[in-house]
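Here the structure is laid out as structure tokens; the discussion comes afterwards.
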2 protein chains.
Amino acid sequence: MTDRLMDAGSQAPADLPPGSDEQDVRRRLLDAASEEFAARGFEAATVRDIVARARTNLNSINYHFGGKQALYAEVLRHQVALSEARHPQRSDERAEGAPEAALRAAVRRLVRFLLDPDSLLPRLYALELLNPSPAFASMGPGASQQSALASAVQGLLGPHADPRLAARCVRSIYSQCAYFMFVRKALPMVDPQFRHDAQAPDELTDHITEFALGGIERLRRDR
Amino acid sequence: MTDRLMDAGSQAPADLPPGSDEQDVRRRLLDAASEEFAARGFEAATVRDIVARARTNLNSINYHFGGKQALYAEVLRHQVALSEARHPQRSDERAEGAPEAALRAAVRRLVRFLLDPDSLLPRLYALELLNPSPAFASMGPGASQQSALASAVQGLLGPHADPRLAARCVRSIYSQCAYFMFVRKALPMVDPQFRHDAQAPDELTDHITEFALGGIERLRRDR
DNA sequence: CCCCATTTTAAACACTTGTAATAAACAAAT
DNA sequence: ATTTGTTTATTACAAGTGTTTAAAATGGGG
């Protein structure tokens, strides 16, 4: 009956000394589950595969997290935190400089995040977008990503622009980046000539930025 | 032992008279499976739910199609054929007229196809893109959709344009359309202000076309 | 040393899955 | 009317699922 959630206060302040004794299994479980969920999706991923990858027993998930669903929710939170640490909001994105630079910075951050081969979040996020689960709300559906884009677009369109036009432009840019989040796995089949080099993110950033600058400029003139 | 595939020659020429006697169950199965696969994905969809929806028995799938996978492959082919009938390649898309008109026509066709609420293909296609199955190749991964776009972009960029630039522009346009194919289900959560009216496709077409014309024009000047 | 809370194992459970085996119903032709 | 080939219906099965139960091990304070 001693729920795992209750001893967080009794042991949390002193569980680091033994080299992450308590956190060890939990961490391994979190990592293994992240990979399984990202690779196969929530339903297709099995608790047996997860515990095998984490080198622990079948009951661990229920003991440490309370079930498969709770583990999944924790995985989402964990990966969001991880990704936010790896792609911090840089200071120059909100800067007052040229709107073109702000747009380029926002696009670059988005592209790097979505193409980061070491992050499992884009895949998990894409799966959730295609098939939203109750845990989706906890990810704060990409609002932070689009906010930087929104202010840059606002700067380019001018303060008196139609907000709906601005929203459409933001979506036009965001969708070009998000595309790779969705088709990553099928990219060789649908876009065989796409090279996944180290410089791919920068080339992509340049193209999307220029394309967007042209599109925004034309729509601004059209009124 | 009498395989269903063998009597296609012996009964096919005379199975229509009794009001689609033979085709009836098969058709119902195909329709039910299309909806289940589109709603839940291949693995999550169960043969029991499918046969229940088709108002037939559990063995029908194995008898008429030979298994769940074969049924799925048939569903993909069926839906592709259905969609191609509903969205025929119009003659003015390849016309020699103004490249702007060609682009607008290609975008319009793409948007209408992807936003068609009565077609299950976009969902099935999105599922396959996110998680390609062996049956994915049989869909001819959207090549026909992008070819119209490609020729329009080519016409706008000029005959001496860098083919890689043209490919990037095509992808920029296609991704803006495909975005809705992926996020349709989560649209209320990620884009609450998007109205799914009857005129939504046309507004979308206009915006994407103008945005793309501006982007292409800028990239053409950039060289 | 021993008790006790915590954690780890291991086994079992109840349920669902796709498919195979088998039986029943049906329709048409001899 | 009976036989034959085809379709439908029912049942059974083996494998896999998440979860529960209960036993074993662990590791510090009394």
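Below, read A as the first sequence line, B as the second, and so on, with proteins coming before strands; counting in each chain starts at 1.
Taking atom CD on A:Gln69 and atom C1' on D:dT19, their separation rounds to 13 Å, with Å as the unit. A:Tyr63 places its OH atom 21 Å from the P atom of C:dA11, with the value rounded to the nearest Å. With rounding to whole Å, A:His64 atom NE2 is found 12 Å from C:dT9 atom C1'. In this structure, the CD atom of A:Glu43 is 13 Å from the C1' atom of C:dT17, given to the nearest Å. Rounded to whole Å, the distance from NZ on A:Lys68 to P on D:dT17 is 9 Å. Here the P atom of nucleotide C:dT19 and the CZ atom of B:Phe65 are 13 Å apart, to the nearest Å. Between the C1' atom of C:dT6 and the CG atom of A:Asp24 lies a distance of 16 Å, rounded to the nearest Å. Regarding A:Asn62, its CG atom lies at a distance of 15 Å from the P atom of C:dT9, rounded to whole Å.
Taking 4.0 Å as the cut-off between side-chain N and carboxylate O, A:Arg53 and A:Asp49 do not count as a salt-bridged pair.
Listed by residue number, A:Ala45, A:Thr46, A:Val47, A:Arg48 are the residues of residues 44-55 of chain A with a heavy-atom contact under 4.0 Å to DNA chain D. Taken residue by residue, residues 30-41 of chain A places no heavy atom nearer than 4.0 Å to DNA chain C.
Residues passing the side chain to side chain donor-acceptor pair (under 3.5 Å) test with A:Asn57, sequence neighbours excluded: A:Ser60. In this view, A:Asp31 satisfies the salt bridge (Lys or Arg N to Asp or Glu O under 4.0 Å) rule with no residue, not counting sequence neighbours. Partners of B:Arg40 by salt bridge (Lys or Arg N to Asp or Glu O under 4.0 Å), not counting sequence neighbours, listed by chain and number: B:Glu36.
Using a 4.0 Å heavy-atom distance criterion, A:Ile61 is classed as making no nucleic acid contact. Nucleic acid contact for A:Ser60: none, since no nucleic acid atom lies under 4.0 Å from a heavy atom of the residue.
Contact of the B:Phe182 side chain with the A:Leu129 side chain is not registered, since no non-hydrogen atoms from C-beta on lie closer than 4.5 Å.
One cannot find a donor-acceptor pair under 3.5 Å joining the base of D:dT19 and the side-chain atoms of A:Asn59.
Classified by interplanar angle (parallel below 30°, tilted 30° to 60°, perpendicular above 60°), the ring pair B:Tyr72/B:Phe37 is perpendicular. Ring pair A:Phe194/A:His196 is perpendicular by interplanar angle, where above 60° counts as perpendicular and below 30° as parallel.
In terms of modelled atom types and a separation under 3.5 Å, the side chain of B:His207 and the main chain of A:Arg168 share a donor-acceptor contact. At distances below 3.5 Å, at least one donor-acceptor pair connects side-chain atoms of B:Arg109 with backbone N or O atoms of B:His87.
A:Asp202 contributes atom CG, which lies 10.0 Å from atom CZ of A:Arg104 (distance to the nearest 0.5 angstrom). The distance from the CG atom of B:Leu103 to the OG1 atom of B:Thr205 is 10.0 Å, given to the nearest 0.5 Å.
A donor-acceptor contact closer than 3.5 angstrom links the side chains of A:Ser172 and B:Gln176.
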Got a list of protein N/O to nucleotides 25-27 of chain C N/O distances below 3.5 Å?
none

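Residue B:Thr56 has a polar side-chain atom (N or O) positioned under 4.0 Å from OP1 or OP2 of D:dA9.
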